[in-house]
Protein chains: 2
Amino acid sequence: MTSTSNPVLVETWRGVAIESFHRGAVAVVDADGALVASLGDIDRPIFPRSAVKALQALPLVASGAADAFGLGDEALAMACASHGGEPAHTRRVAATLAAVGLDETALECGSHWPSHDATMRAMVREGASINALHNNCSGKHAGFLCLGCVLAEGKDRRSFVRGYVGPEHPAMRVVTAALQATTGFDPANAPRGIDGCSIPTYAIPLRRLALAFARFGSEVGLSPEHRRAARRLRQAVARAPFFVAGSARFDTRVMERLGERVFCKVGAEGVYCAALPERGLGIALKIDDGGYSRAADVAMAALIETGVALDDDESRFIHSLSSTTLSNWNKIAVGRVEAAQALRKLGLA
Amino acid sequence: MTSTSNPVLVETWRGVAIESFHRGAVAVVDADGALVASLGDIDRPIFPRSAVKALQALPLVASGAADAFGLGDEALAMACASHGGEPAHTRRVAATLAAVGLDETALECGSHWPSHDATMRAMVREGASINALHNNCSGKHAGFLCLGCVLAEGKDRRSFVRGYVGPEHPAMRVVTAALQATTGFDPANAPRGIDGCSIPTYAIPLRRLALAFARFGSEVGLSPEHRRAARRLRQAVARAPFFVAGSARFDTRVMERLGERVFCKVGAEGVYCAALPERGLGIALKIDDGGYSRAADVAMAALIETGVALDDDESRFIHSLSSTTLSNWNKIAVGRVEAAQALRKLGLA
């Protein structure tokens with residue numbers, strides 16, 4: 001907790017009045033660690049949650065597991081994904097598991113209903129039940145299992161990978177080491193929590209997370225193995241953006257449109273991280289209240305709007321994400337959610 | 001927007017660290033308008049949304065409509081409700097409409113799927129479709145229609161009530177006048193927005209909303225008609241608390257347990273209002289970020305905990321609502337949401 005408050009990053013309007021507002025902090029850093037711009041307290045450790053899945057996926061490629069098991073763009077995008085549980089998502093994860101001789105019973109992420117509404121409804125109509133494949137993190141966990149299978153080195157895979165979500169499991173230690181290498185944080189000094197999908201999550205300052213994504217995007221300051229892995233993961237997500245999120249989702253829509261010029265990834269509790277490879281910049285933001293992706297999405301859109309060279313069509317598209325309309329149950333436009341001036345003036349341009 | 005920030009009212013913890021936090025403001029006022037306690041800016045006009053449904057229901061009773069159409073506790077509780085769309089809710093609203101010769105096609109609130117998950121799933125399984133009865137505000141709108149039918153004074157009811165959601169409709173003018181009488185605010189000076197259910201919503205300072213609920217609970221400072229109406233509505237909700245919210249919902253659980261000792265009502269965007277009749281106090285709070293009922297619920301529970309004389313069992317029950325456990329998809333307890341010290345020390349005791 002900070003003694004002074006973070007600035008307002010996003011405002012929601014109803015009619016002519018501000019109804020609610022979201023405070024937060026944002027760090028924009030280059031690959032040498034120089035702070036290019038910031039708002040609020042960027043040194044408070046925050047749990048990055050799913051926003052760092054791409055960093056956690058580096059060992060999947062760096063270890064040779066991705067090549068050994070023939071993982072393509074879709075599987076690698078899913079290793080970085082918070083997916084909506086659409087049929088193509090769960091099929092893809094099942095295929096990845098099958099490639100290493102496992103199935104969904106090896107996943108230790110727990111189950112929840114697909115966030116993709118039409119998929120959930122179709123399953124309810126059909127009387128289908130959920131399993132761990134539907135968990136938004138199942139692609140990341142399939143990646144951890146592939147990594148574990150390489151680390152098993154001929155031992156019985158299923159028994160070797162059991163308990164892979166634990167911080168001391170060999171696979172998770174390699175994953176944590178990748179976080180440490182890219183962010184420069186020491187996990188021994190970081191508050192540790194348990195994530196929604198049961199893996200450890202370490203609280204890391206935004207400044208360090210932004211640095212990691214500057215490195216992820218520019219490949220500067222990474223080991224040769226992580227450099228190759230970062231490039232492969234960025235390309236995979238750019239080529240298969242549906243698999244990193246899903247229909248109508250922010251990350252999918254933005255990367256479908258902008259390709260490798262932006263790598264962005266949402267996390268729970270109002271976290272967003274991004275790399276802008278053309279600029280050599282990394283971005284990390286956290287909405288204090290952890291709420292509504294409405295605020296984190298809008299804030300990230302505003303940063304992309306100011307930080308990426310866009311043509312007119314692209315600008316209109318991204319602006320529609322940094323200033324969104326709120327409609328009520330009669331489809332009457334009643335308000336809007338939009339980036340606050342502090343964010344728009346941040347000066348990445 | 002205030003230049004200084006509101007204090008933190010609710011903290012969410014993951015492991016040993018604060019992950020997210022919710023700022024906001026709260027006013028506790030007696031029926032004479034004396035400020036008993038407060039945190040943050042209580043003079044910023046905020047949209048009270050559904051938290052003032054009970055005030056908007058006063059004319060339903062005061063006009064004689066409730067008596068004329070034989071509305072009982074359940075129907076009156078539903079006039080104050082944000083309900084979950086459970087079958088008993090929609091049946092009750094349909095019965096109220098039938099009592100005045102109308103049906104769901106007269107409702108102008110729009111439709112949405114029931115927030116009560118099991119009801120929604122059952123409907124999807126059965127291939128059922130939604131109508132305006134399922135809107136969480138349908139009970140309030142049925143009340144407006146009953147009021148409109150009395151105001152129609154023998155004219156064709158269906159054509160008289162058409163457009164009742166408009167600010168200038170005779171029914172809505174009476175509803176707005178009740179808000180003005182209880183809060184003392186002048187709607188002509190208030191920013192006006194359109195609510196989720198399409199009626200006007202006026203931005204009113206928390207100080208004024210708390211006053212209105214002090215009056216609603218104590219009957220001090222109300223007209224004789226509003227006094228009788230407030231008593232009738234408080235009794236109705238205490239006797240039929242299921243109908244003001246629904247299964248497992250905060251307002252229902254609290255009023256099932258504490259009866260007429262507390263009247264509390266949630267609103268969208270982090271608003272909560274309450275009356276503590278034994279103490280003659282009214283409470284109004286708004287979580288700045290408007291998010292998560294998780295924060296508004298916890299804040300209101302903490303205020304009830306400190307403001308109401310509770311026995312040990314009641315204290316444990318309310319404390320379980322002011323300090324709640326967060327579990328992940330594997331049902332592992334990973335954190336908690338709890339009222340911040342500032343709120344616990346507010347000194348209503």
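Labels below follow one simple rule: chain letters A, B, ... track the order of the sequence lines, proteins then strands, and each chain is numbered from 1.
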Reported CH2-to-CG distance for the pair B:W329 and A:N136, which is rounded to 0.5 angstrom
8.0 Å
If you compare all heavy atoms of B:S198 against all heavy atoms of A:N328, which two are closest, and at what distance to 0.1 Å?
OG-ND2, 3.0 Å
Distance col, row B:H22:NE2 vs A:H22:NE2, nearest 0.5 angstrom, shows 10.5 Å
Relative to chain A, which segment of B:C109 carries a heavy atom at a distance below 4.5 Å: side chain, backbone, both, or neither?
backbone
Sort B:S327 into side chain, backbone, both or neither according to what part of it lies under 4.5 angstrom from a heavy atom of chain A.
neither
Contact part of A:K331 toward chain B, heavy-atom cut-off under 4.5 Å: side chain, backbone, both or neither?
neither
Under 4.5 Å from any heavy atom of chain A - which part of B:A17
both
Can you tell if the side chain of A:S20 reaches within under 4.5 Å of the side chain of B:K286, non-hydrogen atoms only?
yes
Contact origin within B:E108 toward chain A - heavy atom pairs under 4.5 Å
backbone
Would you call A:R49 and B:E19 a salt bridge, taking side-chain N to carboxylate O under 4.0 Å as the test?
yes
Heavy-atom closest pair (B:G193 atom, A:R14 atom, distance to 0.1 Å) is CA-CG, 4.1 Å
Interface residue of largest heavy-atom contact number with chain A, from B:G15, B:G196, B:C137, under 4.5 Å:
B:G196
Specify which of A:V334, A:I332, A:D288, A:L326 makes the most heavy-atom pairs with chain B at under 4.5 Å.
A:D288
Side chain, backbone, both or neither: which part of A:S111 has a heavy atom under 4.5 Å from chain B?
backbone
So which of B:N135, B:V16, B:T12, B:D195 has the largest heavy-atom pair count under 4.5 angstrom toward chain A?
B:D195
A:I46 versus chain B, the contacting section by heavy-atom distance below 4.5 Å:
neither
Among A:M120, A:R125, A:M123, which one satisfies side chain to side chain contact (heavy atoms under 4.5 Å, CB included) with B:V124?
A:R125
